[in-house]
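Only one structure is covered here, and it is reproduced in the block below.
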Amino acid sequence: MRTLLKSLIVAVAVTATASMAFDASANTNRLDQILEQVKRERQLEGRVNQEREQAFINARQDQQRLLNEARRALANQEARGERLQKEYADNDILIAQKEQELIAAQGTLGELFGMVRGSASDAIGVVSTSIVSAQYPGRHEPLRGLAAATELPTIPEMEDLWVALLTEMVESAKISKFDAEVVNLDGGTSTQRVTRFGSFHVTTDRDYLYYNADTNQLQPLGRAPISRVHNSVSDFHNARPGTLTNLFVDPTKGNSILRLNQQRATLMEYYHQGKFVGYLITVLLVIGLLIAIERFVVLSLVGGKIRAQLKNLSNPSDGNPLGRILKVYHNNKSADVENLELKLDEAILRETPKVERGISMIKLFAAVAPLMGLLGTVIGMIMTFQTITLYGTGDPKLMAGDISLALVTTALGLIAALPLIFAHSIVATKAKSVLHVLDEQSAGIIAAHAEKEKA
C-alpha cells in the first residue's frame, strides 16, 4: 500500500509539472502576438501622423497662396480707388466747367426756364382749383411735368402753359351752360344742366354748387345759405330775357364766404337756443297778443254799436254800454240831478270793468317778458362760468351754447315786450274812447236834466 501511494504521488507530481510547462509555453506565444500587434499599430499610427502632417503642410501652403492673392487684390483695389478718386475729382472740375459753359450758352434762356417753372407751379394751383376745370377737366396735368422739369422747356410745353392761362382768363369772363355730373346728397351722381358764372360760381336752376378739386366733382352745398341769397339763383334763371336780376356772387370763388354763409344759424335755430326760458317768453307773447286781439275786436264792435246808438238816442238798446246807460236815465227821469248823477256814475262803473277787462294783463305781460329775458341772461352766464370752471377757456365753442342762451333770451324778452306795449296802447286807447263817450253822454244827460229842473 505504501508503495502504491508513493507511485500515485509521483504520478500526480509529474502531471502537474507537465501542465505548468504547457501553460508557460502558451503565455509566451500570446505575448509575442501582442508585441507584434503593438508594432503594427505603431507603424500604422506613424503613417497616419505623417499623412496629417503632410496635409497641414499643404494647407499652410494654400493659405499662404490665398493670403498672397488677397494682398495682390487689395493692392489692385487700392490702386483702382486712387484712380477713381482722381477721375471723380477730374469729373467735378469738368462738370463745373460744363455748367459754366451751359450757363454761358443759355444766356437769358436760364431766366426764362426759371420763370416758366415758377409760372407752371403757380398755374397748377390756380387751374386745379378753378371752377372752370369743372367744364374743362385735366387742364393742369400737362403743367405738372413742366413744373418738375430739369431741362429747358420745349415750345409745345410752353404753349400748354400759355393755353392754360389764356383759357382761365377767357373763361373767367363768360357765363357758360354745360352738362356735368353732379353728386347728389344721397351719394349718387346724376347728369344735370349747370351754369358757370365765370370763375365764381356754378349753379343749377335753383341751387349753388361747390367744386371739389380733390375729386374733380360738382357737389351741392350741405346746407342752403340764407333765403335771400339762395332764392337769387332761381330768380336769375326764371327771369325773362332782357330783364335785370340780382345774383349774389362770392369773390372768393365759393370757397370761403358762401360756404361760411351756409353755416349761419337760421331764425328758428336762434329761437331754439333760448331753450325753456325762451319758450316761456313766447307763451307770454302769444297769450298777450290773443288777449289784445280779442279786446280789439270786442271794443271795435262795441264802438260800432255805440256810434249806432248815438244816432238813435231816443230808443236805447241793451246790446251796448251807451244804451244801458240811457235806459238808466229813462228809468230815473223823475229823480233830481244829484240822484241821477249818482245813478249814471254807478251805471258807468258797471260798464268800466267790461270795457277794460284783460287790458291790465297785457301790460303785465309786457313788463314780465323783459324780466324773463333777464332771468335767461343770468342763467346763461351761470352756465357759462360753470363751463369755464370745468373745461377752461381753451375752446370757445364749449361756451357758445350758454352765451347764446343768455343773449337770445334777452332778445326774446325785448321782442315780446315791444308788440305787447303797442298792443296795450292800442287796446287801452279804444277802451278809453268807449269810456269817454259814456262819460260825455252821461255829462250831457245830467246837464240837460239840470236845465229842465231850472226851467
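Both backbone and side-chain heavy atoms feed into the values below; hydrogens, waters and symmetry mates do not. Residues take their numbers from the sequence shown, with the count starting at 1.
If you take CG on L280 and CG on L285, they are separated by 12.5 Å, rounding to the nearest 0.5 Å. Here CD of Q97 is found 11.0 Å from CG of N91. Values are rounded to the nearest 0.5 Å. Here I421 contributes atom CD1 and I426 contributes atom CD1; the two are 12.0 Å apart, rounded to the nearest 0.5 Å. How far CE of M372 is from OG1 of T410: 12.0 Å, rounded to the nearest 0.5 Å. The OG1 atom of T195 sits 4.5 Å away from the NZ atom of K177 when rounded to the nearest 0.5 Å. Distance check, rounded to the nearest 0.5 Å: CG of L67 to CZ of R71 gives 4.0 Å.
Within a 6.0 Å radius of CZ in F276, other residues, nucleotides and ligands contribute 12 heavy atoms or fewer. Within 6.0 Å of atom CZ in F296, 12 or fewer heavy atoms from other residues, nucleotides or ligands are found, so the atom counts as exposed in its surroundings. Residue F422 places its CZ atom among 12 or fewer non-hydrogen atoms of other residues, nucleotides or ligands, all under 6.0 Å distant.
By the 4.5 Å heavy-atom criterion applied to side chains, V182 and T191 are not counted as neighbours. In this structure, M169 and L166 have side chains that are in contact, with non-hydrogen atoms separated by less than 4.5 Å. For the pair E294/R357, a side-chain contact is recorded, criterion being any heavy-atom separation below 4.5 Å from C-beta on. V194 has its side chain out of reach of T203: every pair of non-hydrogen atoms, C-beta onward, lies at least 4.5 Å apart. Between R196 and E171 there is a side-chain heavy-atom pair separated by less than 4.5 Å. Between V368 and L284, the closest side-chain pair of non-hydrogen atoms falls below 4.5 Å. Using a 4.5 Å heavy-atom threshold, the side chains of L289 and L420 count as touching.
Under the 4.0 Å criterion applied to side-chain N and carboxylate O atoms, E82 and K86 are not assigned as salt-bridge partners.
In this structure a side-chain-to-backbone donor-acceptor pair under 3.5 Å is present from S433 to K430. Between the side chain of S172 and the main chain of E168, a donor-acceptor pair closer than 3.5 Å is present. Judged by distance alone, the side chain of R193 and the main-chain N or O of A180 form no donor-acceptor pair under 3.5 Å. With R295 contributing its side chain and I359 its backbone, the two residues share no donor-acceptor pair below 3.5 Å.
For the pair T409 and G376, the tightest heavy-atom approach, listed with the atom from each and the gap, is OG1-C, 3.2 Å. The two residues L412 and I281 have their closest heavy-atom pair at O-CG2, 3.5 Å. Residues T282 and G278 approach most closely at OG1-O, 2.8 Å, considering heavy atoms. Shown here for A366 and A417, the closest heavy-atom pair between the two residues is O-CB, 3.5 Å.
A side-chain contact (heavy atoms from CB on, under 4.5 Å) with V302 is found for one member of V434, V355, V297 and no other, namely V434.
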Practice problem: Before giving the answer on salt bridge (Lys or Arg N to Asp or Glu O under 4.0 Å), spell out for R65 and E69 the whole-Å C-alpha distance, their side-chain angles and the decisive distance to 0.1 Å. | Solution: CA-CA 6 Å; R65 180 178 55 79; E69 291 178 356; 3.1 Å; yes
